[in-house]
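Taking it in order: structure first as structure tokens, then the write-up.
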Number of protein chains: 2
Amino acid sequence: MKSLKLTKSFQRILLYGTVLAVLVFFLKWVQWNFLIIDNAIDIYIGVIAVLFLVLGVWIANQMIKSRTVIVERKVPVSTPRTVFINEDTLRELAISKREYEVLQLLAKGHTNADIATELFVSLSTVKTHVSNLFQKLDVKNRTQAITKSKELNIIP
Amino acid sequence: MKSLKLTKSFQRILLYGTVLAVLVFFLKWVQWNFLIIDNAIDIYIGVIAVLFLVLGVWIANQMIKSRTVIVERKVPVSTPRTVFINEDTLRELAISKREYEVLQLLAKGHTNADIATELFVSLSTVKTHVSNLFQKLDVKNRTQAITKSKELNIIP
DNA sequence: CTGAATTTCATCCTAAAGTATGAACGGAAC
DNA sequence: GTTCCGTTCATACTTTAGGATGAAATTCAG
């Protein structure tokens with residue numbers, strides 16, 4: 001990246017140098033020819049002025065290709081849902097892996113009995129997990145647990 | 001707007017004209033002084049060249065200012081959630097106003113007793129509404145009702 | 001290895017949810 | 001008017017959820 005930039009700068013310097021050299025030779029030639037005509041010094045100076053004016057414009061254009069102003073524009077993007085799970089919150093609430101599995105199934109609308117079957121544990125175990133979840137989420141029932149979990153982005 | 005732009009252009013032309021006039025006087029003065037020194041024509045031409053080079057750069061900058069490119073950059077903004085309620089789905093499911101009120105409170109995690117109190121109706125009424133909702137949503141309990149309602153975008 | 005946290009399970013009890021059925025009332029449409 | 005629909009309410013019953021408590025097995029870091 002840096003070598004490329006240096007190369008480009010070098011090329012530009014070479015270009016400018018060449019242009020200046022050609023210009024100097026051209027000026028010397030113009031000076032020679034115009035000096036034959038007496039008192040044509042004003043015309044000569046005019047030519048010089050125009051030439052350097054154009055050169056100045058050209059150089060400035062080369063230096064600043066175009067002035068680009070970037071305007072940020074806020075565009076609402078429809079997110080499919082909150083995709084990102086807030087794992088920090090999950091850790092803060094000290095919800096264990098197993099409890100989180102229960103929470104996920106609970107949020108799907110499964111009953112405790114369903115969850116017990118799916119996780120191959122007893123109904124008592126599920127109830128324990130659920131009760132612990134309620135305490136950690138600071139809610140009183142499973143519907144509040146679902147709502148709060150979605151608000152906290154700890155479930156999709 | 002257009003008159004303002006014309007005025008600005010006029011001001012710019014006046015500015016350029018004044019600068020040129022001042023420059024011409026300055027040049028004449030320089031020419032006068034330098035002609036005293038014999039063969040100082042090269043130095044004089046150098047001064048002219050530098051002056052008009054700078055002038056060219058300045059003019060180019062002035063021109064570029066009016067050539068500023070504005071690029072809009074779209075910044076995605078995450079919407080809080082799906083804001084739009086799918087009222088078509090709501091009508092298709094034939095969910096009545098009162099049932100929808102119950103559904104909204106239900107989705108907030110309120111118990112049937114809470115809903116009864118808030119809507120000034122009896123617990124029996126709420127239970128009836130809830131049962132009807134379950135049938136219309138084709139679910140078996142309130143947690144499934146919440147999940148499905150959110151999926152169908154009929155509640156926020 | 002020991003202690004803390006996790007996971008597991010049980011039992012008892014209460015509260016809430018959910019089902020089924022019937023009925024009364026009012027408004028809008030036919 | 002009467003028919004349909006939404007809303008209201010009640011009663012009885014079953015199921016599920018939730019709370020409290022205790023305890024055993026497992027895991028895992030210090």
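Letters go in sequence order (proteins before strands), and every chain restarts at 1.
Applying the 4.0 Å criterion to OP1 and OP2 of D:dT8, one finds that B:H129 has a side-chain N or O inside that range. The phosphate of D:dT7 (OP1 or OP2) has a side-chain N or O of B:S96 nearer than 4.0 angstrom. Here B:N112 reaches the OP1 or OP2 of C:dA17: one of its side-chain N or O atoms lies under 4.0 Å away.
Residues B:A113 and A:F120 each lie close to DNA chain C; by heavy-atom proximity, the contact nearer the 5' end of the strand is made by A:F120. Where B:T128 and A:T143 each meet DNA chain D at their nearest nucleotide, the meeting point lying more 5' is that of B:T128. Comparing A:K97 and A:V130 by the nucleotide of DNA chain D whose heavy atom lies nearest to each, the residue mapping closer to the 5' end is A:V130.
The separation between A:K127 atom NZ and C:dC12 atom P is 13 Å, rounded to whole Å. Rounded to an integer number of Å, the gap from B:K140 NZ to C:dG18 P is 11 Å. Separating the NZ atom of A:K136 from the C1' atom of D:dG19 is a distance of 17 Å, rounded to the nearest angstrom. For A:Q144 and C:dA17, the CD to P distance is 10 Å, given to the nearest whole Å. Rounded to whole Å, atom C1' of D:dA17 lies 11 Å from atom CD1 of A:I115. The distance between atom CG of A:N132 and atom P of D:dT21, rounded to the nearest whole Å, is 14 Å. Whole-Å rounding puts the A:Q135 CD to C:dT6 P distance at 13 Å. Distance CG (B:L123) to C1' (C:dT19): 14 Å, rounded to an integer number of Å.
Checked against C:dA17, C:dT19, D:dG19, the side chain of B:F134 finds its nearest nucleotide in C:dT19. Of the candidate nucleotides D:dT8, C:dT8, C:dT19, D:dT8 has the atom lying nearest to any side-chain atom of B:V121.
A distance of 11.0 Å separates NE2 of A:H129 from OG of A:S124, quoted to the nearest 0.5 Å. Annotation: the span from A:R91 atom CZ to A:I154 atom CD1 amounts to 12.5 Å, rounded to 0.5 Å. Atom CD of residue B:Q104 and atom CD of residue B:E118 lie 11.5 Å apart, to the nearest 0.5 angstrom.
For the residue pair A:T125 and A:T128, no side-chain donor N or O sits within less than 3.5 Å of a side-chain acceptor on the partner. Under the 3.5 Å distance criterion, with hydrogens and angles disregarded, no donor-acceptor pair is assigned to the side chains of B:T117 and B:D114.
Using a 4.0 Å heavy-atom criterion, one finds that A:T125 contacts the bases of the nucleic acid, with or without backbone contacts as well. Here B:S124 lies in heavy-atom contact (under 4.0 Å) with a base. At the heavy-atom level, A:S122 lies under 4.0 Å from the strands shown only through sugar-phosphate atoms.
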